[in-house]
Amino acid sequence: MREKKESFIINKEKINIAQTLKCGQIFSYRQISFNPDNFIIFSSNKKAEVYEMKEHYKICTDNVPYFQNFFDLETDYEKIKSILSKDKMLVKPIEFGGGIRILRQDLLEVIISFVFSANNNIKRITESLFALRQKFGKHYGDYEIFPSLKQLSEITAEQFKEIGAGYRAEQLVKLIEQLQKINFDELKHLSSDKILKKLIDLSGIGPKVADCILLFGFNRTDVFPVDTWIEKAFKNFYESDLKNTNHWSRAEIRKFLTERYGNLAGYAQQYLFNYQRNFHNRQII
DNA sequence: GCCCAGGGATGCG
DNA sequence: CGCATCCATGGG
């Protein structure tokens with residue numbers, strides 16, 4: 001089977017694709033060629049190639065509408081950034097990562113990916129997820145797609161361990177069983193808090209992973225996932241301004257930052273995560 | 001050998 | 001509730 005190739009253009013003023021891919025929201029992409037701004041992106045059962053031109057990106061794909069939605073080009077980021085920049089803590093993060101957009105990814109892929117992410121690092125997560133595609137995803141054209149829920153349900157804990165899932169293997173098997181009983185179309189109409197509670201009941205999903213699923217899978221921006229990088233950013237940039245300099249738990253940091261940024265919390269989180277990890281710590285890739 | 005990585009499950013008070 | 005401890009795995 002050979003997929004037909006089409007393409008579309010995105011102006012560089014709308015997005016910085018390298019920043020967008022490297023800010024921790026997605027694991028299924030690779031740099032292609034020597035140009036550090038050329039990528040191949042896999043999402044669910046689709047792929048796109050990104051080529052950097054002088055003033056725009058050329059996106060080559062077998063599914064133009066999917067990737068036009070994927071890059072979320074309609075959201076007014078200039079407005080979001082102008083509001084968030086009024087907070088002095090976000091001025092430099094937005095300056096550094098102002099080309100970031102939060103992608104509209106496939107929900108199932110986000111759920112599975114972020115269960116792998118727990119107490120793990122991005123390099124290992126990426127390798128495990130590519131192995132998951134290659135071993136258990138169906139061959140489609142010249143690449144492997146992300147496994148469907150049915151395909152995932154046939155993977156054993158032993159097989160999850162073979163791709164580096166470690167102690168998350170049993171969690172994943174149990175989770176996939178639970179996912180088959182959930183109606184996600186019903187979930188999509190609930191408030192973020194209510195979805196959060198249902199997600200946390202699932203195997204392998206705690207408060208942080210649930211927040212990531214809400215932000216990247218449900219595109220809810222009123223949540224603020226707190227991981228080790230956000231914890232560091234909080235200590236670096238916020239804690240000195242506070243009266244209570246005792247140790248803040250992740251739950252307390254989350255409450256503080258969601259109340260501070262409201263419906264724009266998710267965007268603020270991405271700018272902060274990116275700034276802490278890719279600028280201050282220089283942990284590129 | 002220790003510490004860390006986009007933390008979660010479990011048990012104990 | 002909050003908290004401590006344990007959990008695979010690879011890199012620094």
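Heavy atoms only: backbone and side chains are in, while hydrogens, waters and symmetry mates are out. Protein chains get the first letters and strands the later ones, always in sequence-line order, with residue 1 at the start of each.
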Considering every strand and a 4.0 Å limit on heavy-atom distances, what is the contact class for A:G24: base, sugar-phosphate, or nothing?
base
Using a heavy-atom cut-off of under 4.0 Å over every strand shown, decide if A:L202 touches base, sugar-phosphate, or nothing.
sugar-phosphate
Considering only atom P, compute the distance from B:dG11 to C:dA8 and round it to an integer number of Å.
15 Å
Taking A:E154 first and then A:K150, would you say they form a salt bridge - that is, a charged N and a carboxylate O separated by under 4.0 Å?
yes
Under 4.0 Å, heavy atoms only, any strand: does A:E127 hit a base, just the sugar-phosphate, or nothing?
nothing
Once you apply a heavy-atom cut-off of 4.0 Å, does A:S203 come out as touching a base, just sugar-phosphate, or nothing?
sugar-phosphate
Nucleotide B:dG7, atom C1' - distance to CG of A:D211 in whole Å
12 Å
Find the distance A:K123:NZ to B:dC4:C1' and express it as a whole number of Å.
14 Å
Between A:I205 and A:V226, whichever has its closest DNA chain B nucleotide further toward 5' is A:V226
Looking at every strand, decide which applies to A:F160 at a 4.0 Å heavy-atom threshold: base, sugar-phosphate, or nothing.
nothing
Does NZ or CZ of A:R30 come closer than 6.0 Å to the centre of the six-membered ring of A:F130, within 45° of the ring's axis?
yes
Please report, rounded to the nearest Å, how far the C1' atom of B:dG8 is from the CD atom of A:Q178.
13 Å
note: A:N121, atom CG; B:dC4, atom P; distance rounded to Å ~ 14 Å
Is it true that A:Y77 and A:Y267 have ring centroids separated by less than 6.0 Å?
yes
P atoms of B:dC2 and C:dC6, separation to the nearest Å:
13 Å
Atom pair distance, as rounded to whole Å: NZ in A:K232 and C1' in B:dC4
7 Å
So A:Y275 and A:N236, do their side chains get closer than 4.5 Å, heavy atoms only?
no
Separation of B:dA9 atom P from A:L172 atom CG, nearest Å, is 11 Å
For A:H280 and A:F237, take the angle between the two ring planes, folded into 0 to 90°, and tell me which bin it lands in: parallel under 30, tilted 30 to 60, perpendicular over 60.
perpendicular
Under 4.0 Å from any heavy atom of chain A: name the first and the last nucleotide of DNA chain C that qualifies, 5' to 3'.
C:dC7 to C:dG10
Using whole Å, report how far CZ of A:F273 lies from P of B:dA5.
10 Å
Does the ring center of A:F114 lie less than 6.0 Å from the ring center of A:F27?
yes
With a non-hydrogen cut-off below 4.0 angstrom, is A:R168 in contact with a base, only sugar-phosphate, or nothing?
base
Stepwise, does the side chain to side chain donor-acceptor pair (under 3.5 Å) test hold for A:Y66 with A:T61?
CA-CA 9 Å; A:Y66 181 84; A:T61 175; over 6 Å; no
Whole angstrom value for the distance that separates P of B:dG7 from CD1 of A:I253
13 Å
